[in-house]
Amino acid sequence: MPDSHELFPILPSPLKGLAKSAAEAEHADDGHLIEFRALKVRSILNWSVSKRRVWMAYSINPYRGCEFGCRYCYARYTHEFLAPKEGTEMEGSIDLRDPEVFERVIFIKQNAAWLLEQELRKIDPEDQIALGTATDPYQPIERRARVTRSLLEVFARQQGLRLGIITKSRLIERDIDLLAEIGRRNSVVVHVTITTTDAELARRLEPRAPRPDLRFQAVERLRAAGVVAGVMCSPLLPGITDTAEALDRVAKRAAEVKASFFVANPLFLKPCSRPTYFQFVEEHFPALMGAYAKQYDSADFVSGSYRRNIAAMVEAARQRHGLTPRSMEALLHEKKTPEAVRIPKQQKLFG
């Protein structure tokens, strides 16, 4: 039965803000078991502060939702912002509070390039801009939608900006021409996430993301074109990918493809991610379930001592393979021009 708003369209919609935009999002495309919807947005830049306040940056996510379906994804909760308040649900609507919907209903942001052009005029160029913090900017729909490429075309006309890109996809190779152009007058750093060299484990963990060898290939091709690109081996999964041997294998391959840097951090697991990730552990590593339940049932982060041990292992792997620890150091190491390299404002505050 249709709701009152459909019967009497003159009545105001009970939905507001993002929930109203999501409800009005028109069908845009279809993939395998995935629906794509066109989402009207008022802004493309968002000011983001990490939960532990270790970084601050503007973030851009060209899409809401991600096709890759990574079992540990911390962004599954973001569809909740599109859900109507309880009591105002439209009949027949998808439950956007279901974490699994994050990988099955993807919203494509409309007019992203035009919005970016307007908003860049108002920001401090010393503030970093991070592309792909919650959803991969190069997930498969980008081949057709080309939202990310349209944003890079805007950045290619700018000067003195600091852009970071995070992806698991080899599709970024398509845009090497634009990335090289952006890098001539701005600083641009690409982080390619590679959690393991084990293709079978990667398939189970990140079921619709490209194979690890293809991601290493992307790093190699970006480096050959002069783009600053490194490997982000995150998250490190306790009992699965957090051993010195597993880390060393990723670091060794990173060095072989001439990665600009190598970074790795432990798993943090938000409540919205626990059911999906715990199901993965229960299916493939059942002996670890007790330890995971104990660690993550009441906390998102691992202990301080565990983080310190991981940091020591990561540094040892870097030392063995001659890798640089951070993207800013990679930029300085590659001797970018002074106008292209800027020290983050929060670093200046502390000398």
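This structure is a prediction, so every number in the text was calculated from the model and none was measured.
Formation of a donor-acceptor pair under 3.5 Å by the N186 side chain with backbone atoms of G160 is found in this model. Remark: side-chain polar atoms of E67 are paired, donor with acceptor, to backbone N or O of I141 under 3.5 angstrom. A distance-only check finds a donor-acceptor pair linking the side chain of S260 to the backbone of A229 [under 3.5 Å].
For the pair R253 and F216, the distance from NZ or CZ to the six-membered ring centre is under 6.0 Å and the angle to the ring normal is within 45 degrees. K168 forms no cation-pi arrangement with F68, by the criterion of a distance under 6.0 Å to the ring centre and an angle within 45° of the ring axis.
You'll find the side chain of L267 stays beyond 4.5 Å of the side chain of V302, heavy atoms only. Using a 4.5 Å heavy-atom threshold, the side chains of C66 and F102 count as touching. Side chains of D136 and Y63 form no contact here, defined as non-hydrogen atoms less than 4.5 Å apart.
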For the pair I106 and Q139, evaluate side chain to side chain contact (heavy atoms under 4.5 Å, CB included) and give the outcome as yes or no after the intermediate values.
CA-CA 10 Å; I106 312 297; Q139 56 186 290; 3.8 Å; yes
Run the side chain to side chain contact (heavy atoms under 4.5 Å, CB included) check on L247 and F262 step by step: do they pass?
CA-CA 10 Å; L247 260 174; F262 178 77; 3.9 Å; yes
Please walk me through it: do L115 and Q118 pass side chain to side chain contact (heavy atoms under 4.5 Å, CB included)?
CA-CA 5 Å; L115 287 168; Q118 314 313 306; 5.7 Å; no
Show the numbers, then the answer: is there a side chain to side chain contact (heavy atoms under 4.5 Å, CB included) between L178 and F155?
CA-CA 9 Å; L178 278 175; F155 282 118; over 6 Å; no
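Salt bridge annotation for E181-R185: present, with a cationic side-chain nitrogen under 4.0 angstrom from a carboxylate oxygen. Taking the charged nitrogens against the carboxylate oxygens, R249 and E245 have no contact shorter than 4.0 Å, which rules out a salt bridge. Residues E103 and R208 are paired through a salt bridge, judged by an N-O separation under 4.0 Å between the basic side chain and the carboxylate. A salt bridge between E153 and R157 is absent, with no side-chain N of the basic residue lying under 4.0 Å from a carboxylate O of the acidic one. Under 4.0 Å is where a charged nitrogen must lie from a carboxylate oxygen, and between R223 and E220 no such pair does. At a threshold of 4.0 Å, the pair R76-D98 does not count as salt-bridged, since none of the basic side-chain nitrogens sits closer than that to a carboxylate oxygen. Of the charged side-chain nitrogens involved, at least one lies within less than 4.0 Å of a carboxylate oxygen, so that R149 and D175 count as a salt-bridged pair.
Under 3.5 Å, the side chains of Q319 and E315 contain a donor-acceptor pair of N or O atoms. If you check the side chains of T167 and S169, you find no donor sitting under 3.5 Å from an acceptor.
Closest approach of G239 and D242 over heavy atoms only: N-OD1, 2.9 Å. Scanning both residues, P235 and T241, for their nearest heavy atoms gives O-OG1, 4.0 Å. In terms of heavy atoms, T195 sits closest to R215 at N-NH1, 4.4 Å. When all heavy atoms of L151 and P62 are compared, the closest pair comes out as CD1-CG, 3.8 Å.
The hydrophobic clustering, which links ILVMFWY residues whose side-chain heavy atoms are closer than 4.5 Å, places V192 and L214 apart.
Summarising the geometry, atom CD belonging to Q128 is positioned 11.0 Å from atom CG belonging to L161; distances are rounded to the nearest 0.5 Å.
Every residue meeting the ring-ring contact (aromatic ring centres under 6.0 Å, His included) condition with Y74, not counting sequence neighbours, appears here in chain and number order: F268. Partners of Y306 according to the ring-ring contact (aromatic ring centres under 6.0 Å, His included) rule, which considers only residues two or more places apart in sequence or in another chain, do not exist here.
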Atom pairs and distances, donor-acceptor, side-chain atoms in residues 287-295, under 3.5 Å, two or more places apart:
from	atom 1	to	atom 2	distance (Å)
Y292	OH	P238	O	2.6
Y292	OH	Y277	OH	2.9
Q295	NE2	F301	O	3.0

